[in-house]
Amino acid sequence: MESCLKVKVGAVLLPGDVFTFIKTDTISLTESLKDEKIICGPGLRRNGDDVVVCKSGVLRHKNPNLYWVDSQQRRYVPVKGESVIGIVTTKSGDVFKVDVGGSEQASLSYLAFEGATKRNRPNVQVGDLVYAQFLIANKDMEPELVCIDSSGRANGLGVFGAGGLLFKGSLGLVRRLLTPQNEILKDLEKLYPCELVLGMNGRLWVRAASVQKTLIVANLLESSENMSAQQRRTLFKRVADGNL
């Protein structure tokens, strides 16, 4: 099966495509299953001895045996452990309701903040932006967020967003920007130093030295998604020279 997947790396897949074993010998099939341990990422689902494609996009591979489908979807599906940017919509008793861009809102307890107790409640208001992590993300349960890590520390999570700009991009753009040593962010830092928060739900928050520079950075990030490296460098050079 792994050899079949490797052949399709870089190809466009559609929902319903199936990768399966061609071998009919039971002994050979058992040995192959022991040898091949394939990790299915987003867009792929294991169904018995088959791997089924459940999302349209380009098949990607990372050594040794991780495969996933890279798509440009904008609809976010909560995943446990992912960090997202949410907007507090309502405050009901001890729980905040947070819009994360999914099919339903997530809940955030007031105790899910660093140093929060029954007497020392966090200062969270409706409309605030929160950078939080999914503690529970199950299709049969309401998503639940926390603003602390496993040791009880905020570690960058919590309420933020004063003086910045929040905008929406594709999920593929965010994942691309989160890759180590990303060239887009390197070029952007040389042009306009800024603060940048990336949510796996496709939301980006940016704050530069001025409102004008903040808007320029946001537009550059959105434009870079569908550009080649050469086109991006040309655009950044024109901005640096003040020709836009």
Side-chain angles (χ1 to χ4, degrees), residues 5-6 8-15 17 38-46 51-87 98-103 106 129-135 137 139 143 145 149 155-157 160-161 164-189 194-207 217-233 235-236:
L5 285 169
K6 282 186 177 179
K8 288 291 186 178
V9 171
V12 177
L13 302 180
L14 297 175
D17 290 347
I38 300 172
I39 301 175
C40 297
L44 298 175
R45 177 169 49 87
R46 194 71 181 256
V51 172
V52 182
V53 180
C54 52
K55 184 188 300 183
S56 59
V58 180
L59 182 64
R60 304 297 186 190
H61 171 244
K62 182 179 180 180
N63 290 324
N65 51 9
L66 173 62
Y67 294 88
W68 75 95
V69 177
D70 187 10
S71 63
Q72 297 299 321
Q73 73 178 53
R74 302 182 74 91
R75 172 75 177 273
Y76 177 67
V77 179
V79 177
K80 182 179 179 181
E82 287 191 346
S83 298
V84 296
I85 297 176
I87 304 172
V98 182
D99 174 22
V100 294
S103 59
L129 298 180
V130 292
Y131 190 57
Q133 192 176 61
F134 277 107
L135 180 65
K139 64 179 181 179
L145 295 167
D149 57 16
N155 197 20
L157 303 174
F160 76 103
L165 173 67
L166 177 70
F167 63 99
K168 187 80 167 61
S170 70
L171 304 185
L173 173 62
V174 172
R175 290 190 171 92
R176 184 179 174 186
L177 293 174
L178 287 172
T179 55
Q181 306 298 321
N182 183 264
E183 293 184 357
I184 298 177
L185 296 182
K186 282 184 177 180
D187 294 341
L188 193 61
E189 288 175 0
C194 61
E195 297 178 59
L196 183 64
V197 180
L198 304 173
M200 293 297 291
N201 55 343
R203 288 177 178 166
L204 302 92
W205 178 89
V206 63
R207 180 172 63 187
V217 170
N219 289 327
L220 287 175
L221 287 173
E222 288 181 320
S223 302
S224 299
E225 181 177 4
N226 300 315
M227 287 185 175
S228 64
Q230 184 59 42
Q231 290 174 330
R232 186 183 68 250
R233 294 190 188 100
L235 175 63
F236 280 31

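Each residue takes its place number in the sequence, starting with 1. The model shown is predicted, which means the values in this text are computed figures rather than measured ones.
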Rounded to the nearest 0.5 Å, how far does [atom2] of [Y] lie from [atom1] of [X]?
| X | Y | atom1 | atom2 | answer |
| --- | --- | --- | --- | --- |
| Leu129 | Tyr131 | CG | OH | 13.0 Å |
| Arg176 | Leu198 | CZ | CG | 13.0 Å |
| Gln230 | Leu235 | CD | CG | 11.5 Å |
| Leu13 | Arg60 | CG | CZ | 10.5 Å |
| Leu221 | Leu173 | CG | CG | 7.0 Å |
| Asn226 | Ser170 | CG | OG | 7.5 Å |

Does [Y] offer a backbone N or O that forms a donor-acceptor pair with the side chain of [X] under 3.5 Å?
| X | Y | value |
| --- | --- | --- |
| Asp70 | Val58 | no |
| Asn201 | Ile85 | yes |
| Gln231 | Ser228 | yes |
| Thr179 | Asn182 | no |
| Asp17 | Leu14 | yes |

| message | Once side-chain contact (heavy atoms from CB on, under 4.5 Å) is applied, do any residues pair with Val52, and if so which ones, sequence neighbours excluded? | response | Val18, Arg45, Asn47
Answer yes or no: is there a side-chain heavy-atom contact under 4.5 Å between [X] and [Y]?
| X | Y | value |
| --- | --- | --- |
| Phe236 | Leu188 | yes |
| Leu44 | Val69 | yes |
| Val84 | Leu145 | yes |
| Ile38 | Tyr67 | yes |
| Pro42 | Lys55 | yes |
| Arg175 | Met200 | yes |
| Pro143 | Phe134 | yes |

| salt bridge (charged side-chain N to carboxylate O under 4.0 Å, His left out) with Asp99: which residues, sequence neighbours excluded? | Arg203
| request: Please list, chain by chain and in numerical order, all residues satisfying salt bridge (charged side-chain N to carboxylate O under 4.0 Å, His left out) with Glu183, sequence neighbours excluded. | output: Arg232, Arg233
| Does Phe160 have any ring pair (Phe, Tyr, Trp, His ring centres under 6.0 Å) partners at least two apart in sequence or in another chain, and if so, which? | Trp205
| said: Can you confirm whether Lys168 is buried at NZ, in the sense that more than 12 heavy atoms of other residues, nucleotides or ligands lie under 6.0 Å from that atom? | reply: yes
| message | Walk me through whether Asp187 and Leu220 qualify under side-chain contact (heavy atoms from CB on, under 4.5 Å). | response | CA-CA 11 Å; Asp187 294 341; Leu220 287 175; over 6 Å; no
| message | Under the rule for side-chain hydrogen bond (donor to acceptor under 3.5 Å, both in side chains), what residues qualify as partners of Tyr76, not counting sequence neighbours? | response | Glu82
| Those residues that, when tested against Asp149, pass side-chain hydrogen bond (donor to acceptor under 3.5 Å, both in side chains) (two or more places apart) | Ser151
